[in-house]
Each structure stands twice: as C-alpha cells, then as structure tokens.
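Taking it in order: structure first as structure tokens, then the write-up.
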Amino acid sequence: MSKNNYYQQVYDVTKKIPLGRISTYGAIANYLELGSARMVGWALNKSFSENGVPAHRVVNRKGELSGRIHFPSPTMMQELLENEGIHVENHKVQFFKDIFWDPAEEL
DNA sequence: GGATTGACGTCTG
DNA sequence: GCAGACGCCAATC
C-alpha cells in the first residue's frame, strides 16, 4: 500500500475532487508533473481495481467522457455524473469549464 | 528484451 | 478552423 508511484498520486488527487466537480487528465498530469496525460488515463484504468476512485469525475480536455467505454457500463459514467448534479449530454460535460476543478486548488 | 498499446495533449500543416 | 502526426512513460504481450 501507499506506493508513492505516479498512479498512486493520481488516485489521491482523483479522490480529492469535490463532488459536483470534474477534472482533466492534463490538469492532473500537469500538477503531478507526470509529463504526460496518458499515464493519468492509464492509471485510472487500474483505479477500478483499487478502492473507490471517482474516475468518472475525470474527463479529457474536451470535456468528453472518453473513459466511459472502460466502465462496467458505458452509461454508468454519465449516470454517476448526473447523480452528482453535473449536466452531461451526448457523453459530454456541459458547463465543463464552470465545474472544472484544478488539483492545484485542493480546496 | 523488444514492440505495441493506452481514459491525452500539444504542435504543425 | 480543422486534420493529422508526434510525444509521454509505463505496463502488457
């Protein structure tokens, strides 16, 4: 446990995402200085094997639910986001920039 | 041990 | 403004 690896930090940051907010791969990668957003997505892929990591709150730079296909159900991600009060349409987050949360804030 | 892939992002054409 | 190619770094085959 507590492997200070990059993906472990991704889990931590993702868990810190406030409810009703979302973050992006690039923002997390930039904050963790991982150097590449792909590692974040790849790490989140394994996140399902870990304890509750709200990976559904992490979307790509376009605000698209690009990772929905990796969920147990492709619609589960949208359902979870709408359940948190996030408007999702056509598998894309509405008011994305408005609910966007940057890990540097960590408020 | 080498090659390919991967929940993306940025640059150049 | 849109489309295509490259780059990141690690894991998996």
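To find a chain, count down the sequence lines: A is the first, B the second, and so on, and within it residues start at 1. Note: hydrogens, waters and symmetry copies are ignored here, and every other heavy atom, side chains too, is used.
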*For the pair made of NZ in K62(A) and P in dA3(C), what is the distance, rounded to whole Å?*
11 Å

*Identify the heavy atoms of Y25(A) and L44(A) that sit nearest to each other, and give their distance.*
CE2-CD1, 3.8 Å

*Rounding to a whole Å, what distance do you find between K46(A):NZ and dA11(C):C1'?*
8 Å

*Spacing of Q9(A) atom CD relative to dC9(C) atom P, expressed in whole Å*: 14 Å

*asked:* Using a 3.5 Å distance criterion without hydrogens, assess whether the side chain of N60(A) forms a donor-acceptor pair with backbone atoms of K62(A).
replied: yes

*Using whole Å, report how far CG of N60(A) lies from P of dG6(B).*
16 Å

*Value in whole Å for how far the C1' atom of dC8(C) lies from CE of M39(A)*: 7 Å

*asked:* What is the separation between atom OH on Y25(A) and atom P on dG9(B), rounded to the nearest whole Å?
replied: 8 Å

_Side chain of W42(A) only, heavy atoms from C-beta on: which candidate in dT10(B), dA10(C), dC8(C) is closest?_
dA10(C)

*Whole angstrom is fine here: how far is it from CD in Q8(A) over to P in dA10(C)?*
16 Å

*Starting at atom CG of N30(A), determine the distance to atom P of dC8(C), rounded to an integer number of angstrom.*
15 Å

*Base, sugar-phosphate alone, or nothing: which one does A55(A) contact when heavy atoms must sit under 4.0 Å apart?*
base

*Compare every heavy atom of M76(A) with every heavy atom of F71(A), then report the nearest pair and how far apart it is.*
CD2-CE, 3.1 Å

*For residues V59(A) and E64(A), report the shortest heavy-atom separation together with the two atoms involved.*
CB-O, 3.3 Å

